[in-house]
Amino acid sequence: MTDLLTAEAAVLMVVVGIAIIWSGGDVRRLTALWAVFLPIDRMTGIDPVVFDTIRYAGGALLVMMVGADEPVAVDRTVRRLVVAILALAATRLAAGIWHPDPDSLRYGLAMVAGVLLASMIVRRRCLLPAAAAGYLAGLALSAVVSLLQASHVATLAPSDATAQRYPGLAAYTTVVSWHMATGLVLACTLMVLSWRSAPRLVFLGAVLVIIFNGGLVSNGAQGGFLGVAAAGLTVVVLLRHSARLRTLLAVVGATAVLFVGTVAGAAVLGVDIPTITDYRSDNFANEIARIDSVKNGIEQFRAHPLTGVPSADFDAMYGEFPHFLPVESAALTGILGLLAASVVLVMAGAIVLRRPGFDGAMNVAAHALLALLVASFLTGPNGPILGIARTLPLLAAVTLASYPTELVRRDCAASEVGRRASSGVNIDG
């Protein structure tokens, strides 16, 4: 308990308290404030439990404050995906009880809590614009911290300077890489949706693109580049016959030029860019390690096909879990985990391969974000299904990809939350 009562935690609580008072009970502001903490896992002197408490307790309060919107067709798709994730969580909980394995129990409980809370929030669609704004702010803060870490400047969280890894405010560089990719997609979306109606938001989006691009280059992990590629390919496929593709290609081209300029500028200024340099200098050690981790997972599944092995035992043997959800689940929970994880992956992939339900700019952007998130299954042991910070963007992307823009306008007009948060943004593109 004393670990939670630190001076840094007290300062954070004071800042949060002042922000809550400033909100004046406005649900839009409270939602944005809550969402700032979604991508934040750590700060110097603050126990991660503090951030988890803000995420889950705050999300539950928002659900109690705002009623659910009327059901729409896409809700069925969300429910099926939620059920599949809950089935996977059940295998982790069962394995945690059988072995016994406290880590598997915590994993399963986090999965259950995250997906259930996220599913309730996406049913309150009027909250999503404000949540997106807050989430962008949290991502931007983490990106700036990563850049400061790479510049060897003392900041809100320490880096692993000896290994040249700069995770910002995320738990790991693997996570922050995907955060930066998500931020890039959201910032580009903000620019496109505001292109004609809100020049100030276009400028804000451009600034965020610069920040996220720098964070993507600096952090030390390459996974986010795969996500950006998946999102870009999705947009090109969906809009290959549309005049809007020209605008999007202009944004993508400018981002590519920015990326090259960022790498060149970092080299001139002496800022570490291990995301780029390590890829060329470590003889693909990260990539080989990922392949080896999958081989190790298959080996343990063959040895223990029914129950898997406790996560502590696997960690003691190999030091790294399989970076592919079905294999990790098979190694730790046996055949049922393999089946459940495969179903989740196939269902998420099938949603990506389908066209979005409507062709508005918001629908295309959400589908691109969905493609990015699903691509993260390929580079880590979890994918976007563990905890509210990952499942909310996933379920929101599924929802908004197939949600009619006229209903968005109706919801925003009917809700002070949505009306204020979406002011100035043309969701039709």
Side-chain angles (χ1 to χ4, degrees), residues 1-66 106 109-118 120-121 124 127-149 153-160 166-172 175-176 179-180 182-183 208 211 215 386-393 396 416-417 420-421:
M1 185 64 180
T2 55
D3 292 338
L4 299 177
L5 302 178
T6 63
E8 293 87 351
V11 170
L12 177 64
M13 290 301 100
V14 169
V15 171
V16 171
I18 292 173
I20 291 174
I21 295 172
W22 167 80
S23 73
D26 185 323
V27 178
R28 174 190 63 90
R29 292 178 179 176
L30 289 172
T31 301
L33 172 63
W34 168 77
V36 167
F37 293 93
L38 288 178
I40 297 176
D41 297 319
R42 67 194 189 109
M43 287 184 183
T44 299
I46 301 177
D47 194 293
V49 171
V50 173
F51 298 112
D52 283 335
T53 301
I54 293 173
R55 281 191 281 259
Y56 287 97
L61 286 173
L62 289 173
V63 168
M64 290 188 286
M65 292 172 66
V66 180
R106 284 192 291 268
L109 289 173
M111 195 179 295
V112 170
V115 75
L116 288 180
L117 183 56
M120 289 186 281
I121 291 175
R124 291 149 176 81
L127 296 179
L128 295 182
Y135 187 58
L136 267 173
L139 290 173
L141 179 60
S142 187
V144 170
V145 169
S146 179
L147 288 168
L148 290 174
Q149 291 168 344
V153 175
T155 184
L156 294 174
S159 64
D160 186 353
Y166 310 109
L169 298 178
Y172 308 103
V175 175
V176 83
H179 281 174
M180 297 303 96
T182 299
L208 290 174
I211 292 172
L386 180 63
I388 181 66
R390 304 184 192 187
T391 50
L392 179 58
E416 187 70 7
V417 176
R420 293 182 183 179

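Values below: all heavy atoms of this structure, side chains included; hydrogens, waters and symmetry mates excluded.
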Does a side-chain heavy-atom distance below 4.5 Å link [X] with [Y]?
X	Y	value
Leu117	Val63	yes
Val50	Phe37	no
Ile54	Met13	yes
Trp34	Leu61	no

Indicate every side-chain donor-acceptor pair of residues 132-146 with a distance under 3.5 Å to a residue at least two apart or in another chain.
| residue | atom | partner | partner atom | Å |
| --- | --- | --- | --- | --- |
| Ser142 | OG | Leu169 | N | 2.9 |
| Ser146 | OG | Tyr166 | O | 2.9 |
| Ser146 | OG | Ser218 | OG | 3.1 |

Provide the full list of salt bridge (charged side-chain N to carboxylate O under 4.0 Å, His left out) pairs with a residue in [range], sequence neighbours left out, each pair given once.
range	answer
residues 55-64	Asp41-Arg55, Asp52-Arg55
residues 127-141	none
residues 131-146	none

Next on the checklist: I'd like to know if the side chain of Gln149 and the backbone of Ala157 have a donor-acceptor N/O pair within less than 3.5 Å.
Outcome noted: yes

Next on the checklist: Looking at Arg29 and Trp22, would you say the former's side chain and the latter's main chain have a donor-acceptor pair under 3.5 Å?
Outcome noted: yes

Next on the checklist: Please find the pair of heavy atoms, one from Leu128 and one from Ala396, that lie closest to each other, and give the distance.
Outcome noted: CD2-CB, 4.3 Å

Tell me which donor-acceptor pairs under 3.5 Å the side chains of residues 386-393 have, and how far apart each pair is, sequence neighbours excluded?
| residue | atom | partner | partner atom | Å |
| --- | --- | --- | --- | --- |
| Thr391 | OG1 | Gly114 | O | 3.1 |
| Thr391 | OG1 | Gly387 | O | 2.9 |

Next on the checklist: Which residue in the set Met43, Arg42, Glu8 passes side chain to side chain contact (heavy atoms under 4.5 Å, CB included) when paired with Leu156?
Outcome noted: Met43

Item to check | Residues in side-chain contact (heavy atoms from CB on, under 4.5 Å) contact with Pro48, at least two apart in sequence or another chain | outcome: none

Checklist entry - Residues in side-chain contact (heavy atoms from CB on, under 4.5 Å) with Val14, at least two apart? => result Ile18

Checklist entry - Counting only heavy atoms not in Tyr56, do more than 12 fall under 6.0 Å of its OH? => result yes

Item to check | Point-to-point distance, once rounded to the nearest 0.5 Å, from CG of Leu30 to CE of Met65 | outcome: 5.0 Å

